[in-house]
Protein chains: 2
Amino acid sequence: MRTNRDNNGPPPAEDNKQRILQAALREFTERGLDGARVERIAESAGVNKALLYYYYSSKENLFSSVIDEHFRMILPLIRKTLEDTSDPETALRQVAAVYAELSQRHPEFIRLLVRELAQPDSPMVVRAAETMKESGVPGQLRRLLSEGQAKGTIREFDLRQAAVSFITMNLGYFIMAPIVDRVLQIDDRKQFISERIQANVDLFLRGITT
Amino acid sequence: MRTNRDNNGPPPAEDNKQRILQAALREFTERGLDGARVERIAESAGVNKALLYYYYSSKENLFSSVIDEHFRMILPLIRKTLEDTSDPETALRQVAAVYAELSQRHPEFIRLLVRELAQPDSPMVVRAAETMKESGVPGQLRRLLSEGQAKGTIREFDLRQAAVSFITMNLGYFIMAPIVDRVLQIDDRKQFISERIQANVDLFLRGITT
DNA sequence: TCGGTTAAACTAAACGGTTAGTTAATAATA
DNA sequence: TATTATTAACTAACCGTTTAGTTTAACCGA
């Protein structure tokens with residue numbers, strides 16, 4: 001077992017492994033796989049470069065671990081997206097809120113994913129697609145809207161397209177924020193984001209109901 | 001002066017300069033600045049590596065020229081976006097169509113821009129923001145919707161948010177296509193895109209009118 | 001039409017800094 | 001003492017850039 005002076009702080013051994021992972025997360029997020037420097041990660045973690053190879057056998061493997069870590073961190077958040085929702089409006093609000101929360105609480109995840117989107121077959125992109133599918137968000141959204149159609153509260157519409165519209169209009173801002181913020185000269189981001197959620201739900205709901 | 005057998009085709013000298021630029025465009029699009037290899041660009045252009053330095057003094061400068069070339073190519077397309085449009089519906093259709101055309105005719109531009117979006121202060125992102133502003137699309141959109149509000153055809157709504165919603169829902173798919181296509185298992189992309197335009201305009205219009 | 005001059009276009013090869021990865025030895029821990 | 005953690009020093013390959021030179025072709029005087 002591992003000692004630890006008293007019981008605050010993580011065990012010193014695993015500690016360095018974690019510090020490396022966190023440093024790598026920062027470096028890879030900022031510069032991508034190719035732009036990242038192993039030396040810089042080590043420095044930022046306060047350890048010798050060779051230790052990266054002791055814990056993670058290669059730069060690429062470390063990158064892969066960073067991606068794992070990213071998904072591990074966001075999973076709880078998106079898992080609970082549509083747990084017990086039965087009406088479309090609540091569902092839309094929840095989806096919009098969760099995506100906003102994801103983007104605000106895990107901006108590094110978004111940033112890394114955006115970079116990887118430039119390589120359509122990148123493992124992270126494939127995994128993001130799987131995760132989105134497994135999260136059930138697009139499916140559930142369509143199901144709830146479909147039920148609404150049966151009840152006559154939702155109008156006739158291609159629900160697959162509708163779901164894509166709603167998801168892209170919600171995630172879109174966070175991905176394009178560096179452009180949008182410049183065009184509109186956004187100062188108060190927090191305010192702007194809560195307005196965005198409102199606007200998206202409002203617009204979409206009005207657009208899709210009978 | 002330069003001879004040229006007769007007068008078809010570009011002068012043989014400038015020819016290689018262009019080939020290098022085109023090869024660089026492909027390489028940088030696929031791998032980004034850091035991932036790109038000067039050797040590979042030269043090979044793909046069928047010239048000696050040193051020739052890149054003869055025409056473009058450095059890798060970074062070549063990258064910058066590639067970005068210039070990108071904007072040069074897309075500018076005519078987005079300039080004509082909202083030339084003589086007076087009603088909101090036509091405007092929305094035009095914006096949706098132009099963004100779709102941009103994404104389909106210049107996928108490399110989108111791809112490179114997406115990668116650069118991971119670095120919020122990248123010159124290409126700054127320039128994209130300027131270009132979008134100068135294109136007048138967000139401004140015109142708001143103006144037309146505002147006129148609609150005066151006439152009573154458009155309901156009360158934060159028009160800045162509305163414009164952002166419409167633009168993000170239209171560009172969003174093209175940026176997230178590698179994910180969306182996987183989640184929905186899109187086979188016929190052309191078909192899907194024309195459906196997307198329809199859906200976006202339809203949804204938004206219904207969402208914003210009184 | 002030729003031979004010589006010049007500038008631009010182009011290349012093979014090398015240079016040297018950088019960088020991912022290794023090794024061998026030391027320190028800490030159990 | 002045996003195992004694990006950590007490091008300083010090292011290496012080989014890579015890669016952007018330069019150098020020193022060759023080839024090509026337009027120009028020009030005779």
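It should be emphasised that the depicted structure is a prediction, and the values quoted were computed from it without experimental measurement. So you know, we letter chains A, B, ... as the sequences are listed, proteins then strands, and number each from 1.
Between Phe166(A) and Phe204(A), the angle of the ring planes lies from 30° to 60°, which puts this pair in the tilted group.
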Asp68(B)/Ser65(B) under side chain to side chain donor-acceptor pair (under 3.5 Å): CA gap, chis, key distance, verdict: CA-CA 5 Å; Asp68(B) 287 348; Ser65(B) 297; 5.2 Å; no
Trace of the side chain to side chain donor-acceptor pair (under 3.5 Å) decision for Tyr173(A) with Asp181(A): CA-CA 9 Å; Tyr173(A) 165 68; Asp181(A) 287 356; 2.8 Å; yes
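Within the structure, every side-chain polar atom (N or O) of Tyr54(B) is placed at least 4.0 Å from both OP1 and OP2 of dT18(D). Regarding contacts with the backbone of dA8(C), every side-chain N or O of Tyr55(B) stays at 4.0 angstrom or more from both OP1 and OP2.
One interatomic measurement links the two molecules: CD of Glu43(A) to C1' of dA8(D), which rounds to 16 Å at whole-angstrom precision. Atom pair Leu52(B):CG and dT17(D):P shows a separation of 10 Å (rounding to whole Å applied). Spacing between atom CG of Leu51(B) and atom C1' of dA13(C) amounts to 16 Å, rounded to whole angstrom units. To the nearest angstrom, P of dA5(D) lies 12 Å from OH of Tyr56(A). One atom, NZ of Lys17(A), and another, P of dA5(D), lie 9 Å apart when rounded to the nearest Å. In this structure, Asp15(B) places its CG atom 13 Å from P of dA25(D), rounding to the nearest Å. Between the CG atom of Asn16(A) and the P atom of dA28(C) there is a distance of 13 Å, rounded to whole Å.
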Contact letters for nucleotides 18-24 of chain C, in which S counts primed atoms plus P, OP1 and OP2 and B counts the base, heavy atoms under 4.0 Å: -SBBBB-
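Looking at Glu116(B) and Ser122(B), their side chains do bring a donor and an acceptor atom within 3.5 Å of each other. Residues Arg143(B) and Gln140(B) have side chains that bring a donor and an acceptor to within less than 3.5 angstrom of each other. Checked by atom type, the side-chain pair Asn61(B)/Ser58(B) shows no donor-acceptor distance below 3.5 Å. Between the side chains of Glu27(B) and Ser44(B), no donor N or O sits under 3.5 Å from an acceptor N or O.
Salt bridge Arg115(A)/Asp34(A): absent, no basic N to carboxylate O contact under 4.0 Å.
Panel note: side chain Arg111(B), backbone Ala118(A); a donor-acceptor pair is recorded below 3.5 Å.
Across the helix from dT1(C)-dA30(D) to dA30(C)-dT1(D), the helix axis at one end is tilted relative to the axis at the other end by 0° (nearest 10 degrees, each axis from five pairs).
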